[in-house]
Colleague: 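Got a structure for you, written out below as structure tokens; questions coming shortly.
The first residue in the sequence is number 1, and the count goes up from there.
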Amino acid sequence: MALRAAVLRHIRLPVQTLTPNASRAPSQLSLLRLFSSHDDHLTKEEVIDRVLDVVKSFPKVDPSKVTPDVHFQKDLGLDSLDNVEIVMALEEEFKLEIPDKEADKIDSCNLAIEYIYNHPMAG
């Protein structure tokens with residue numbers, strides 16, 4: 001706590017009240033947007049592309065059969081262990097952890113896309 005107080009005594013930053021108005025330069029508005037946590041979410045197209053790339057790169061999958069609507073077991077002939085491995089690869093790709101209860105439900109590209117797109121921490 002003492003270290004924090006000592007550091008704060010030496011670091012002084014001017015405080016500005018930021019109010020949106022017409023006279024503000026566009027570059028300042030873009031900087032504000034840059035630091036906003038609401039604008040950094042992946043687009044649906046980015047999620048679709050990355051999910052399909054992960055599934056296509058799986059060794060037992062024929063990449064020509066992979067579409068956003070493909071079912072892992074019915075359409076690609078994968079077993080439940082392969083399903084788990086794909087979900088783990090998706091977790092690694094998007095840097096998130098999918099709880100087992102939710103991971104068991106992800107058995108198609110469409111469900112994977114929807115889950116990841118709606119996940120606030122997907123990156």
Colleague: If every non-hydrogen atom of Q73 is compared with every non-hydrogen atom of D79, which pair is closest and at what distance?
Modeller: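 Scanning both residues, the minimum pair turns out to be NE2-C, 3.7 Å.
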Colleague: Can you pull out every side chain to side chain donor-acceptor pair (under 3.5 Å) where at least one residue sits in residues 110-123? Sequence neighbours excluded, please.
Modeller: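 Non-adjacent pairs meeting side chain to side chain donor-acceptor pair (under 3.5 Å): K44-E114.
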Colleague: For the atom pair CG (D75) and OG1 (T67), what is the distance rounded to the nearest 0.5 Å?
Modeller: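 D75 atom CG to T67 atom OG1 measures 7.0 Å (nearest 0.5 Å).
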Colleague: What pairs of donor and acceptor atoms, side-chain ones from residues 97-109 against any protein atom, are under 3.5 angstrom apart with sequence neighbours left out?
Modeller:
| unit_1 | atom_1 | unit_2 | atom_2 | d |
| --- | --- | --- | --- | --- |
| D107 | OD2 | H71 | NE2 | 3.2 |
| S108 | OG | L111 | N | 3.2 |

Colleague: Which ILVMFWY residues are connected to M88, directly or by a chain of links, through side-chain heavy atoms under 4.5 Å apart?
Modeller: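 V84, all in the cluster of M88.
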Colleague: Do any side-chain atoms of residues 46-65 form donor-acceptor pairs under 3.5 angstrom with protein atoms, and if so which ones, sequence neighbours left out?
Modeller:
| unit_1 | atom_1 | unit_2 | atom_2 | d |
| --- | --- | --- | --- | --- |
| E46 | OE1 | T43 | N | 2.8 |
| E46 | OE1 | T43 | OG1 | 3.4 |
| R50 | NE | E93 | OE2 | 2.9 |
| R50 | NH1 | G123 | O | 3.0 |
| R50 | NH2 | E93 | O | 2.8 |
| R50 | NH2 | E93 | OE2 | 3.4 |
| R50 | NH2 | G123 | O | 2.7 |
| S57 | OG | D53 | O | 3.3 |
| S57 | OG | V54 | O | 2.8 |
| K60 | NZ | D82 | OD1 | 3.1 |
| D62 | OD1 | S64 | N | 3.3 |
| D62 | OD1 | S64 | OG | 3.0 |
| D62 | OD2 | S64 | OG | 3.0 |

